[in-house]
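Here's the structure, in structure tokens; my notes come after.
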Number of protein chains: 2
Amino acid sequence: MPHTDTKERILDVAERLFADRGFADTSLRMITAEAGANLAAVNYHFQSKDALILAVIARRMGPLNERRLALLDAVEARAGQGPLPLEDILGAFFEPLFRGGAPCVVNPNFGRLLGRMYIEPGDLFSRVFRDQMAPIRNRFLGAAQRALPGLPLEEIFWRMHFLIGALAHTMSGLHHIKATSDGLVDVTDADAILERLIVFLAAGFRAPAPVKKGEGPCVSQLSSR
Amino acid sequence: MPHTDTKERILDVAERLFADRGFADTSLRMITAEAGANLAAVNYHFQSKDALILAVIARRMGPLNERRLALLDAVEARAGQGPLPLEDILGAFFEPLFRGGAPCVVNPNFGRLLGRMYIEPGDLFSRVFRDQMAPIRNRFLGAAQRALPGLPLEEIFWRMHFLIGALAHTMSGLHHIKATSDGLVDVTDADAILERLIVFLAAGFRAPAPVKKGEGPCVSQLSSR
DNA sequence: GTCTATAGGGGGATAGAC
DNA sequence: GTCTATCCCCCTATAGAC
């Protein structure tokens with residue numbers, strides 16, 4: 001009945017279940033049962049559950065980040081010596097997550113899984129991010145500095161952190177917004193979500209940096225209450 | 001040696017361990033060992049692990065949301081009939097999470113735990129959010145509509161979603177930004193983080209809503225590549 | 001490569017003495 | 001209220017037949 005081989009089927013099912021339920025609460029038995037494979041097949045094709053998790057990630061992470069860099073290359077080529085358009089930088093980072101078609105090979109389930117990885121505890125994913133995401137972050141950090149001259153580096157770090165949070169939560173928590181809005185919002189239109197994210201985050205990045213040690217009007221009002 | 005009773009000690013340790021390691025990977029044996037309590041004490045004072053999780057949440061959630069509403073009341077009273085300052089609305093929502101002192105009783109560990117809950121799978125937390133957060137969301141939704149006339153309700157829902165993501169990731173993932181910035185950023189100054197968040201998100205909320213079904217410049221450029 | 005069977009450990013929950 | 005001891009379940013991983 002399945003059209004692919006066992007190893008690929010295990011990866012597909014594991015990707016979806018990990019995205020749905022998290023890693024700790026997804027057992028190898030669930031995966032093999034749903035993939036129509038034997039429990040021992042996981043330990044034959046991969047070595048352990050941790051190695052399976054890393055294999056699920058590795059299959060998508062490489063193409064995803066290659067596509068991000070290619071898009072950023074194109075953005076920089078279009079800009080020439082001129083200023084880098086911030087929206088295009090964000091688009092190069094997001095687009096490969098929201099479009100499943102060629103030449104992007106990233107399955108939508110992996111987007112949700114990626115969102116989950118940022119929150120999941122343990123040093124398994126810290127290593128993944130340090131190894132796989134460091135070059136990506138450096139390239140996009142440089143692009144952001146070029147697009148936002150005058151914004152302190154520290155502030156760019158914070159705003160990238162906010163960006164990752166908004167992105168991760170959007171990818172992994174679409175059911176939340178669907179539930180809390182009583183179905184008002186459409187969570188199926190990936191293009192629309194992508195554009196909403198870019199508009200929102202670009203405006204945040206363009207905000208003037210807060211004053212160092214001063215009287216931020218809102219904060220002081222709150223604390224003086 | 002401990003100055004509080006067993007029940008309170010279990011709640012304190014559980015709050016911290018749940019924040020550090022997540023729920024699934026924190027066993028009752030870890031909690032009781034670190035709290036200097038017996039394993040059976042958990043099932044005596046609470047009934048089950050799930051009930052313990054809910055008790056950890058319930059202890060903080062009530063005071064947290066009361067404080068949020070009180071701050072929002074003050075913001076609205078100050079504004080009178082005039083426009084609501086967006087930064088103050090955001091401040092009323094964030095401040096009780098970032099300040100541990102009186103009259104706010106929210107332990108900083110709970111902030112990290114709260115950030116984790118949004119991502120954690122399962123319907124345990126969906127129920128918590130639906131029951132505890134619904135009135136809060138409605139009040140702040142109304143305030144946001146008053147502060148941002150002309151912004152479509154659907155867009156406000158999305159931007160609240162982005163806000164929650166940035167907030168949750170900031171609270172639960174401070175180790176990420178510390179690690180990826182090579183220690184450049186200071187993650188200990190809660191006031192500074194709070195102000196950075198407010199500045200960033202207020203700018204995002206003030207951005208014009210994307211056009212409905214048109215040629216968003218960045219998206220069309222990306223898709224036409 | 002795929003299966004069965006099982007080892008070996010950790011988990012939540014509970015009974016019953018104190 | 002607190003302890004010990006234990007039940008019973010599910011987990012990962014592996015050995016070994018096919």
Side-chain angles (χ1 to χ4, degrees), chain A residues 1-59 113 116-117 120-125 127-128, chain B residues 1-59 113 116-117 120-125 127-128:
Chain A
M1 165 148 180
H3 297 167
T4 54
D5 63 348
T6 299
K7 192 171 177 179
E8 206 74 15
R9 257 163 32 231
I10 290 176
L11 285 171
D12 288 339
V13 172
E15 184 173 74
R16 182 166 45 79
L17 288 181
F18 285 155
D20 281 343
R21 315 174 38 92
F23 298 99
D25 272 345
T26 301
S27 70
L28 298 182
R29 282 175 170 81
M30 293 178 203
I31 295 170
T32 52
E34 203 158 321
N38 189 275
L39 171 62
V42 165
N43 292 88
Y44 174 77
H45 288 288
F46 314 89
Q47 281 85 357
S48 64
K49 184 179 180 178
D50 273 10
L52 171 64
I53 294 174
L54 293 179
V56 167
I57 296 167
R59 180 172 65 149
L113 181 58
R116 214 174 264 306
M117 286 169 54
E120 202 87 8
D123 48 12
L124 184 65
F125 304 111
R127 263 202 307 281
V128 170
Chain B
M1 165 139 181
H3 298 167
T4 55
D5 64 349
T6 299
K7 192 171 177 178
E8 206 74 14
R9 257 161 36 229
I10 290 175
L11 285 172
D12 288 339
V13 173
E15 183 174 75
R16 183 165 44 79
L17 288 182
F18 286 154
D20 280 343
R21 316 174 36 94
F23 299 98
D25 272 346
T26 301
S27 71
L28 299 181
R29 285 172 170 83
M30 293 179 204
I31 295 170
T32 52
E34 201 158 324
N38 188 273
L39 172 62
V42 164
N43 292 88
Y44 174 77
H45 289 288
F46 314 91
Q47 283 84 359
S48 63
K49 184 179 180 179
D50 273 10
L52 171 62
I53 293 174
L54 293 179
V56 167
I57 296 167
R59 183 172 61 151
L113 182 57
R116 211 176 268 305
M117 285 169 55
E120 201 87 6
D123 49 11
L124 184 64
F125 303 111
R127 262 203 307 281
V128 171

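Below, chain A is the first sequence line, B the second, and so on; all start at residue 1.
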#### Entry: Length of the line joining B:M30:CE and C:dG11:C1', which is rounded to integer Å
10 Å
### Message
Both A:V42 and B:A41 contact DNA chain D. Taking the nearest nucleotide for each, which residue is further toward the 5' end?
### Response
B:A41
### Query
Within this structure, what is the CG-to-C1' distance between B:L52 and C:dA13, rounded to whole angstrom?
14 Å
### Message
Please report the distance, rounded to the nearest Å, between CD in B:Q47 and P in C:dT14.
### Response
10 Å
### Message
In this structure, how many angstroms lie between the P atom of D:dT2 and the CG atom of B:N43, rounded?
### Response
14 Å
## Note on the structure
Partner of B:F23 under side chain to side chain contact (heavy atoms under 4.5 Å, CB included), picked from B:L124, B:V56, B:I53, is B:I53
### Query
Distance check: side-chain N/O of B:S48 vs OP1/OP2 of C:dG12, anything under 4.0 Å?
no
## Note on the structure
Rounded to whole Å, the CZ-P distance (B:R9 to D:dG1) equals 13 Å
#### Entry: Polar side-chain atom of B:R29 near backbone of B:L39 as donor-acceptor pair, under 3.5 Å
no
### Query
For A:K49 and D:dC11, what is the distance between atoms NZ and P respectively, to the nearest whole Å?
9 Å
### Message
Nearest 0.5 Å, please: how far is CD1 in B:I31 from CD1 in B:I10?
### Response
8.0 Å
### Summary
side chain to side chain contact (heavy atoms under 4.5 Å, CB included) test vs A:F46 passes for just one of A:L11, A:L54, A:L28, namely A:L11
### Message
Checking the side chain of B:R9 only, and the main-chain atoms of B:A35 only, is there a donor and an acceptor separated by less than 3.5 Å?
### Response
yes
### Query
Between C:dG11 atom P and B:I31 atom CD1, what is the distance in whole Å?
11 Å
### Task
Any chance you could list the contact pattern along nucleotides 4-10 of chain C? Use B for base contacts, S for sugar-phosphate-only contacts and - for none, protein heavy atoms under 4.0 Å, 5' to 3'.
B------
### Task
Could you tell me whether the phosphate oxygens of D:dG1, OP1 or OP2, come under 4.0 Å of any side-chain nitrogen or oxygen in B:T6?
no
### Query
Expressed in angstrom and rounded to an integer, what is the separation of A:L28 atom CG from D:dT14 atom C1'?
13 Å
### Query
Which heavy-atom pair separates B:D25 from B:M30 by the least distance, and what is that distance?
O-CE, 3.4 Å
### Message
Distance check, rounded to the nearest 0.5 Å: B:E120 atom CD versus A:E120 atom CD?
### Response
7.0 Å
### Query
Starting at the 5' end of DNA chain D, which residue's closest nucleotide do you reach first, B:K7 or A:A24?
B:K7
